[in-house]
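Take a look at the structure set out below.
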Amino acid sequence: MKTLISPSLLSANFLDLKTDIEMINNSEADWLHLDIMDGVFVPNISFGFPVIGAVAKACKKPLDVHLMIVHPENYIKQVAETGAMMMNVHYEACVHLHRTVQQIHDAGMKAGVTLNPSTPVHMLEDIINDVDMVLLMGVNPGFGGQKFIPHTVEKTRQLRSLINRTGSKALIQVDGGVNGDTAKNLVEAGADVLVSGNYVFKSENPAKTIHDLKRV
């Protein structure tokens with residue numbers, strides 16, 4: 001299948017979100033990635049449910065919600081009420097990860113689990129068959145525009161090996177530092193879904209950039 005592209009709203013123009021969302025609607029983007037930050041789990045604050053709700057009404061693409069927060073299990077109901085397709089939580093933020101994944105599924109959403117750069121892939125051995133997607137961070141979470149961590153490519157290969165070995169159906173998503181160069185290496189290593197923020201929204205022609213990313 002062609003690579004799925006999930007542009008990150010964090011890099012959009014917050015003074016004119018409507019225009020950027022219309023661009024997403026009319027582009028070849030598959031999903032829209034929403035990074036929710038609390039200033040506790042990561043050293044930054046992004047946006048919350050009022051913005052998600054407004055975006056959900058305007059966006060025709062499935063919402064890919066990434067919670068970079070402590071206690072994400074407390075917000076499953078609110079995320080589900082926005083109509084989100086995917087709720088992604090951090091392995092490092094969930095004491096009872098299996099229960100959280102079950103609750104996300106019970107709320108009618110697909111469940112994703114994110115690994116920070118320093119968390120090894122083998123930590124997912126006992127959950128890999130229960131999740132719909134694993135998100136590998138290509139940068140340390142909290143800020144857009146960071147430099148890609150090269151080891152993420154090898155980590156993607158390791159995750160693809162784990163998925164193949166266990167028969168898991170989980171997709172591999174990578175977020176952070178994704179551009180035309182890194183995208184090619186990530187797809188070759190086994191990535192299914194690419195999240196891209198600055199590279200898409202700061203380009204001269206974001207729709208063409210999305211088109212090109214789908215064909216790396």
Side-chain angles (χ1 to χ4, degrees), residues 3-69 72 75-76 78-90 93 104 109-112 114 132-133 135-146 148 171 173-180 182-183 191-214:
T3 306
L4 301 177
I5 305 300
S6 188
S8 174
L9 189 73
L10 193 63
S11 297
N13 180 0
F14 277 74
L15 284 178
D16 194 7
L17 278 183
K18 184 176 181 181
T19 296
D20 278 349
I21 292 171
E22 287 176 352
M23 181 276 295
I24 293 294
N25 287 342
N26 294 320
S27 76
E28 294 178 65
D30 299 279
W31 305 341
L32 179 63
H33 190 82
L34 305 180
D35 288 306
I36 314 305
M37 305 178 188
D38 62 0
V40 180
F41 182 71
V42 293
N44 199 6
I45 295 173
S46 57
F47 48 82
F49 289 102
V51 172
I52 300 173
V55 169
K57 291 177 182 177
C59 186
K60 298 176 182 177
K61 308 286 183 169
L63 299 185
D64 170 25
V65 179
H66 177 193
L67 271 65
M68 303 182 190
I69 67 174
Y75 301 94
I76 293 172
Q78 284 175 272
V79 174
E81 286 174 348
T82 68
M85 173 272 298
M86 177 80 68
M87 177 171 166
N88 212 312
V89 299
H90 272 257
I104 293 170
M109 295 179 288
K110 293 184 177 180
T114 302
D132 301 290
M133 188 172 75
L135 168 53
L136 300 178
M137 292 301 302
V139 300
N140 287 292
F143 299 94
Q146 296 183 68
F148 181 75
L171 296 175
Q173 183 180 65
V174 182
D175 181 8
V178 173
N179 57 39
T182 59
D192 303 295
V193 189
L194 299 177
V195 176
S196 188
N198 282 353
Y199 184 68
V200 168
F201 284 102
K202 308 305 182 189
S203 67
E204 290 186 7
N205 188 336
K208 183 180 185 302
T209 300
I210 292 168
H211 171 89
D212 292 343
L213 279 174
K214 285 190 68 69

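Positions are given from 1, in the same order as the sequence printed here.
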From Asp212 CG over to Glu28 CD, what is the distance, rounded to the nearest 0.5 angstrom?
9.0 Å
Evaluate side chain to side chain contact (heavy atoms under 4.5 Å, CB included) for Ile45 paired with Asp38, printing each intermediate quantity in order.
CA-CA 5 Å; Ile45 295 173; Asp38 62 0; 6.0 Å; no
Closest non-hydrogen atoms of Ala84 and Met109, given as atom of the first, atom of the second and distance, are O-CG, 3.4 Å
Under 3.5 Å, is there a donor-acceptor pair linking the side chains of Asp16 and Thr19?
yes
Taking atom CD1 of Ile24 and atom CH2 of Trp31, what is their separation to the nearest 0.5 Å?
14.0 Å
Phe41: partners by ring pair (Phe, Tyr, Trp, His ring centres under 6.0 Å), with sequence neighbours left out:
His90
Any non-hydrogen side-chain atom of Val89 less than 4.5 Å from a side-chain atom of Ile104?
yes
So do the side chains of Ile69 and Tyr75 get within less than 4.5 Å of each other, counting heavy atoms only?
yes
Between Met23 and Phe201, does a side chain to side chain contact (heavy atoms under 4.5 Å, CB included) hold up when you go through it step by step?
CA-CA 10 Å; Met23 181 276 295; Phe201 284 102; 3.7 Å; yes
Do the side-chain N and O atoms of Asp35 and Ser8 include a donor-acceptor pair separated by under 3.5 angstrom?
yes
Mind listing the closest non-hydrogen atom pair of Leu9 and Ile21 along with its distance?
CD1-CG1, 4.5 Å
Rounded to the nearest 0.5 Å, what separation is found between the NZ atom of Lys61 and the CG atom of Leu63?
12.0 Å
In terms of heavy-atom contacts, Ser46 and Met37 come closest through OG-N, 2.9 Å
Please report the closest heavy-atom contact between Asn198 and Ser11, naming both atoms and the distance.
OD1-OG, 2.9 Å
Would you check if Val174 and Val193 make a side-chain contact, meaning some heavy-atom pair closer than 4.5 Å?
no
Rounded to the nearest 0.5 Å, what separates atom SG in Cys59 from atom CD in Glu22?
11.0 Å
Has the side chain of Asp30 got a donor or acceptor atom that lies under 3.5 Å from a matching backbone atom of Ile5?
yes
So, do Met87 and Leu67 sit near enough that their side-chain heavy atoms are less than 4.5 Å apart?
yes
Measuring only between side-chain heavy atoms, which start at C-beta, is Met86 closer than 4.5 Å to Gln173?
no
Looking only at heavy atoms, which two atoms of Thr209 and Ser203 are closest? And how far apart?
OG1-OG, 2.9 Å
Assess whether atom NZ of Lys214 is packed by more than 12 heavy atoms of other residues, nucleotides or ligands within 6.0 Å.
yes
Run Tyr199 and Leu213 through side chain to side chain contact (heavy atoms under 4.5 Å, CB included) and show every step you take.
CA-CA 10 Å; Tyr199 184 68; Leu213 279 174; 3.9 Å; yes
Is the side chain of Asp64 donor-acceptor paired with the backbone N or O of Leu32 at a distance under 3.5 Å, no angle test?
no
Got a donor-acceptor contact below 3.5 angstrom from the Ser6 side chain to the His33 backbone?
yes
In Å, rounded to the nearest 0.5 Å, how long is the span from CG of Asp175 to NE2 of His66?
6.5 Å
Heavy-atom neighbours of Lys208 NZ exceed 12 at 6.0 Å:
no
Nearest 0.5 Å, please: how far is OG in Ser27 from CG in Asp20?
10.5 Å
If the condition is ring pair (Phe, Tyr, Trp, His ring centres under 6.0 Å), which residues does Phe47 pass it with, not counting sequence neighbours?
Phe14
Spell out, as yes or no, whether a donor-acceptor pair under 3.5 Å connects the side chain of Ser196 to the backbone of Val178.
yes
Taking the side chain from Asp132 and the backbone from Gly112, do they hold a donor-acceptor pair closer than 3.5 Å?
no
